[in-house]
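Just so it is clear: chains get the letters A, B, ... in the order the sequence lines come, proteins before strands, and each one is counted from 1.
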Amino acid sequence: MPTEPVAVIDFETTGLNPAWGDRPTEVAIAVVQGDAIVDRYQSLMNPGRPIPHDVQQLTGITDRMVADAPPVATVMREAARFVGGLPLVAHNAPFDRKFWEMELARLGEQPQPAFACTLLLARRVYPQAPNHRLGTLIDLLRLPRAGRAHRAMADAEMAGHLWMRIRDDVRQRFGVREAGHGFFMRLQKVPKAKVDRFCRDGG
DNA sequence: TGCCAGGCCCTCTTTAGGGCCTT
């Protein structure tokens with residue numbers, strides 16, 4: 001049976017919280033199936049507000065770059081159509097989820113509730129890591145760096161590789177045969193001290 | 001072009017505080 005596909009998503013934004021008026025400036029989605037990234041979507045978008053200088057420096061996305069980009073609503077409609085009904089994955093998922101849900105709500109679309117988090121999973125599967133930032137985990141696990149960090153497609157692809165590695169390590173380490181998105185949604189909520197037993201019992 | 005969060009998780013905890021992680 002082929003592994004179920006998931007959509008790994010990453011936003012670049014004008015800031016940390018849509019409740020402050022922050023909007024996305026770029027989105028990327030990498031569809032992971034089996035051991036490969038099989039499809040991609042990426043677009044800059046015009047957030048309709050200035051990007052703070054420190055954020056421009058962090059992401060490399062400038063006001064000039066988004067000035068001629070399509071508006072957020074256009075890009076988010078395309079992104080939602082691209083994702084379809086696939087279960088979603090992100091690194092520090094609460095951050096991407098709140099932008100995803102806020103922007104889809106503006107369009108009157110229903111967001112998917114299932115959002116797995118590679119940060120929560122990595123804390124459980126790699127407790128020995130010096131920290132659990134995406135870049136640190138990529139280097140620690142010797143996974144491919146996909147491009148400039150803090151650009152959406154590079155981060156989405158790196159999170160995709162991390163997702164595949166976590167999935168494979170859990171399956172091998174604990175002998176879990178069919179660990180799909182639903183299994184990892186449950187695993188990310190299990191207290192760290194109980195992860196071994198949860199995995200050995202098959203979730 | 002600055003200021004603003006919030007969920008998770010650990011511990012010198014649980015009537016709390018602070019670090020991590022995302023842009």
*Asks:* Between A:Asn131 and A:Thr136, is any side-chain donor less than 3.5 angstrom from a side-chain acceptor?
*Replies:*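 Looking only at side-chain atoms, A:Thr136 and A:Asn131 do form a donor-acceptor pair, the distance falling under 3.5 Å.
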*Asks:* Write down the distance separating the C1' atoms in B:dC10 and B:dT14, rounded off to the nearest Å.
*Replies:*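 13 Å, rounded to whole Å.
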*Asks:* Provide, to the nearest angstrom, the distance between the CG atom belonging to A:Leu134 and the C1' atom belonging to B:dC20.
*Replies:*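 Going from A:Leu134 (CG) to B:dC20 (C1'), I get 14 Å.
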*Asks:* Closest-nucleotide mapping onto DNA chain B: is A:Pro52 or A:Asp22 further toward the 5' terminus? I mean the 5' end.
*Replies:*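 Residue closer to the 5' terminus by nearest nucleotide: A:Pro52.
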*Asks:* Which whole number of Å gives the distance between the C1' atom of B:dT23 and that of B:dA5?
*Replies:*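 About 12 Å, rounded to a whole number of Å.
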*Asks:* With nearest nucleotide decided by heavy atoms, which residue, A:Arg49 or A:His150, maps closer to the 5′ end of DNA chain B?
*Replies:*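 By nearest-heavy-atom nucleotide position, the 5'-most residue is A:Arg49.
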*Asks:* In Å, rounded to the nearest 0.5 Å, how long is the span from NZ of A:Lys98 to CZ of A:Phe115?
*Replies:*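 Result: 12.0 Å between the selected atoms.
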*Asks:* May I ask you to decide if A:Ala152's main-chain N or O and A:Glu26's side chain share a donor-acceptor pair within less than 3.5 Å?
*Replies:*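 Yes, A:Glu26 side chain to A:Ala152 backbone: donor-acceptor pair under 3.5 Å.
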*Asks:* Let's see if you get this right: which residues in residues 115-123 of chain A place a heavy atom under 4.0 Å from DNA chain B?
*Replies:*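 Correct list: A:Leu119, A:Leu120, A:Arg123.
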*Asks:* Taking the same atom, P, in B:dG18 and in B:dT13, what whole-Å distance lies between them?
*Replies:*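 Their P atoms lie roughly 13 Å apart.
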*Asks:* Going by side-chain contact (heavy atoms from CB on, under 4.5 Å), A:Val31 matches just one of A:Val6, A:Asp39, A:Val8, A:Val83. Which one?
*Replies:*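 Among A:Val6, A:Asp39, A:Val8, A:Val83, the one meeting side-chain contact (heavy atoms from CB on, under 4.5 Å) with A:Val31 is A:Asp39.
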*Asks:* Of all the choices, B:dT1, B:dC9, B:dG6, which nucleotide is nearest to the side chain of A:Lys192 once you look at every atom?
*Replies:*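 Taking heavy atoms from C-beta onward, the closest nucleotide is B:dC9.
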*Asks:* Take the protein atom CG of A:Leu137 and the nucleotide atom C1' of B:dC20, then report the distance between them rounded to whole Å.
*Replies:*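 Nearest whole value for this atom pair: 12 Å.
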*Asks:* Given the C1' atoms of B:dA16 and B:dC12, what is the spacing between them in whole Å?
*Replies:*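 Nearest-Å result for B:dA16 against B:dC12 at atom C1': 12 Å.
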*Asks:* Does the A:Arg124 side chain pair with the main chain of A:Val190, one donor and one acceptor, at a distance under 3.5 Å?
*Replies:*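 Yes: the side chain of A:Arg124 pairs with the backbone of A:Val190.
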*Asks:* Determine: side-chain N/O of A:Arg124 to OP1/OP2 of B:dC9, distance under 4.0 Å, yes or no.
*Replies:*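 Answer is yes, contact under 4.0 Å.
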*Asks:* Which pairs, with at least one residue in residues 72-95 of chain A and sequence neighbours excluded, count as a side-chain hydrogen bond (donor to acceptor under 3.5 Å, both in side chains)?
*Replies:*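 side-chain hydrogen bond (donor to acceptor under 3.5 Å, both in side chains) check on residues 72-95 of chain A returns A:Tyr41-A:Glu78, A:His91-A:Thr118.
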*Asks:* Between the main-chain N or O of A:Gly180 and the side-chain N or O of A:Arg167, is there a donor-acceptor pair closer than 3.5 Å?
*Replies:*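 A pair under 3.5 Å: no.
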*Asks:* Between B:dG2 and B:dC21, how far is it from one P atom to the other, in whole Å?
*Replies:*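 These two P atoms come out 25 Å apart once rounded.
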*Asks:* Which atom pair, heavy atoms only, marks the closest approach of A:Ile51 to A:Thr25?
*Replies:*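 Nearest heavy atoms, A:Ile51 then A:Thr25: CD1-CG2, 3.8 Å.
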*Asks:* Test your reading of the model: is there a side-chain donor-acceptor pair from A:Asp96 to the backbone of A:Ala90, 3.5 Å cut-off?
*Replies:*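 No; judged by distance alone, with no hydrogens or angles, the pair does not exist.
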*Asks:* Which whole-number value in Å describes the distance from A:Arg151 CZ to B:dT23 P?
*Replies:*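 It works out to 12 Å between those atoms.
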*Asks:* In this structure, how many angstroms lie between the P atom of B:dG2 and the CG atom of A:Asn17, rounded?
*Replies:*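 After rounding, the reported distance stands at 17 Å.
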*Asks:* Specify the separation, in whole Å, of atom CE of A:Met158 and atom C1' of B:dT22.
*Replies:*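 After rounding, the gap between these two atoms is 13 Å.
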*Asks:* Round to a whole Å and report the spacing from CZ of A:Arg133 to C1' of B:dT23.
*Replies:*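 So the two atoms are 14 Å apart, to the nearest Å.
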*Asks:* Among the candidates B:dC21, B:dT22, B:dT1, find the nucleotide nearest to the side-chain atoms of A:His132.
*Replies:*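 Nearest listed nucleotide: B:dC21.
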*Asks:* For A:Asp10, report the nucleic acid contact type (base, sugar-phosphate, nothing); a contact means any heavy atom under 4.0 Å.
*Replies:*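 The residue A:Asp10 makes sugar-phosphate contact but no base contact.
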*Asks:* Mind listing the residues from residues 91-104 of chain A sitting with a heavy atom below 4.0 Å of DNA chain B? Number order is fine.
*Replies:*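 Here the set is A:His91, A:Asn92, A:Phe95, A:Lys98.
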*Asks:* Under a 4.0 Å N-O cut-off, is there an ion pair linking A:Arg165 with A:Asp169?
*Replies:*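 Yes, A:Arg165 and A:Asp169 are salt-bridged.
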*Asks:* For A:Asp54 and B:dG2, what is the distance between atoms CG and C1' respectively, to the nearest whole Å?
*Replies:*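 That distance rounds to 9 Å.
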*Asks:* Indicate yes or no for a side-chain donor-acceptor contact from A:Glu157 to the backbone of A:Ala30 under 3.5 Å, with no hydrogens or angles considered.
*Replies:*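 The answer is no, because no donor-acceptor pair under 3.5 Å joins these two groups.
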*Asks:* What integer distance in Å separates A:His53:NE2 from B:dT23:C1'?
*Replies:*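 In whole Å, B:dT23 C1' and A:His53 NE2 are 15 Å from each other.
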*Asks:* Of the listed nucleotides (B:dT1, B:dG6, B:dT23), which one gets closest to any side-chain atom of A:Thr13?
*Replies:*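 Within the option list, the nearest is B:dT23.
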*Asks:* For the side chain of A:Asn131, counting heavy atoms from C-beta on, which of B:dC21, B:dC9, B:dT23 is nearest?
*Replies:*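 The answer is B:dC21, which lies nearest to the side chain.
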